[in-house]
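Inspection log for the structure reproduced underneath, given as structure tokens.
Only this structure's heavy atoms are used, side chains among them; waters, hydrogens and symmetry mates stay out. Every chain is numbered from 1, with letters handed out A, B, ... down the list of sequences.
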2 protein chains.
Amino acid sequence: MNNDKVKPTASELEILNILWSKGPSTVREIHEVLELNKDAGYTTTLKLMQIMNEKNLLKRDETTKSHVYSANVSKERMQGQMVKGMIDTMFNGSASQLVMQALGNHKANAKELDEIRKYLDAMDKKK
Amino acid sequence: MNNDKVKPTASELEILNILWSKGPSTVREIHEVLELNKDAGYTTTLKLMQIMNEKNLLKRDETTKSHVYSANVSKERMQGQMVKGMIDTMFNGSASQLVMQALGNHKANAKELDEIRKYLDAMDKKK
DNA sequence: TTTGTCTTACGAAATAATTCGTAGGTTAAA
DNA sequence: TTTAACCTACGAATTATTTCGTAAGACAAA
């Protein structure tokens, strides 16, 4: 049951995002959300989700006529994987470089900055 | 001269990384670095760089027999673009969420954390 | 001059990702 | 029971990306 290091394509990520926010859904439900932003046929969405299922990116419940799919990877795990990839390929392995790039270009508001500070303090305390 | 929003593939990114660190180089020079980690023929590297040139990801100087290529987009700009993409697709548009994910999983050392704190303070002062 | 080495250009094969048409099954309403 | 509206599976077309072979020119050493 190989499940590691599976790197979703951009289209697959769109589907995962919908599943993460809506929870378990049928192809039809996912397709309706996708249709809002792009146009593609229903069977395209179906096929994509079937492939994602084979790759173990999704799992599905076949007990009902319309199969119900859900993400088989947590959003957090995927975020971690992608952030790591980014740090490795674009920031010479330095997390703090990425952090500063992120803060520099996308102004977080005062509340967010405060959250980050608290986070930093908590990390200090921990070790 | 369309140059915006060009999203490099993984292979293209490898080449850009080498150019960013080595500076202007010939295909041969880039190819030798690439060969250290993967194997691919010389003309593969050549073709890739030619395509990148067409896409304006690279520019080239043809005055010498061996053309000299250089990155036509700065590393910083590309970092910004990619971080933005990541924030939009995986972190609901919140930079600070990405920051915390990055800090949580990749322990920066004390010195780095300090840098970040200074960075935060500087941002506060600014506005 | 001839040969060998290196270069670019370019067409096209190989591989990967996306898209879609069609066949066949289930179900519910007419 | 017939029809209409769904659903899944699946092969195959389309498009994108990566890879490579081959041709043709430049150049230097023999």
Problem set entry | Interatomic distance where CE belongs to A/M49 and P belongs to C/dT18 [whole Å] | 15 Å
Problem set entry | Nearest-Å distance for atom pair CD/P, residues A/E32 and D/dC6 | 10 Å
Exercise. Of all the nucleotides listed (C/dT18, D/dA9, C/dA9), which has the minimum atom distance to the side chain of A/L46?
Worked result: D/dA9
For this session: Select base, sugar-phosphate, or nothing to describe what A/T44 touches, counting heavy atoms under 4.0 Å on all strands.
Result: base
For this session: Show your reasoning for whether side-chain hydrogen bond (donor to acceptor under 3.5 Å, both in side chains) applies to A/N92 and A/S94.
Result: CA-CA 6 Å; A/N92 311 301; A/S94 157; over 6 Å; no
Exercise. C/dT8 phosphate, OP1 or OP2: any side-chain N/O from B/Q50 under 4.0 angstrom?
Worked result: no
For this session: Rounded off to whole Å, could you give me the CG-to-C1' distance for the B/L34 and D/dT19 pair?
Result: 13 Å
Exercise. Which part of the nucleic acid does B/T43 contact within heavy-atom distance under 4.0 Å: base, sugar-phosphate only, or nothing?
Worked result: base
Exercise. In whole Å, what is the span from the CD1 atom of B/I51 to the P atom of C/dG11?
Worked result: 12 Å
Seminar exercise, completed: Side-chain atoms of A/H67 come closest, of D/dA9, C/dT19, C/dA9, to D/dA9
Problem set entry | Donor-acceptor contact below 3.5 Å, side chain A/N72 vs main chain A/L57 | no
Problem set entry | d(CG, A/D61; P, D/dC7) in whole Å | 16 Å
For this session: Could you work out which one of C/dA9, C/dT7, D/dC7 sits closest to the side chain of B/R28?
Result: C/dT7
Exercise. Is there a donor-acceptor contact under 3.5 Å from the side chain of B/E32 to the main chain of B/E29?
Worked result: no
For this session: Report the distance from atom CG of A/L57 to atom P of C/dT18, rounded to the nearest whole Å.
Result: 12 Å
Exercise. Given that A/K65 and A/A10 both sit by DNA chain C, which one's nearest nucleotide is further toward the 5' end?
Worked result: A/A10
Exercise. Between B/Y42 and C/dT8, is there a side-chain N or O to OP1/OP2 distance below 4.0 Å?
Worked result: yes
Exercise. Checking A/T43 side chain against A/L46 main chain: does a donor-acceptor pair fall under 3.5 Å?
Worked result: no
Problem set entry | Atom-to-atom span, NZ of A/K38 to P of C/dT19 - whole angstrom | 5 Å
Exercise. Could you give all pairs that pass the side chain to side chain donor-acceptor pair (under 3.5 Å) test and reach residues 9-23 of chain B, with sequence neighbours left out?
Worked result: B/E12-B/K55, B/E14-B/K38
Exercise. Given D/dT17, is OP1 or OP2 found less than 4.0 Å from the side-chain N or O atoms of B/T9?
Worked result: no
Exercise. Counting only distance, no hydrogens or angles, is the base of C/dG11 paired donor-acceptor with the side chain of B/K47 under 3.5 Å?
Worked result: yes
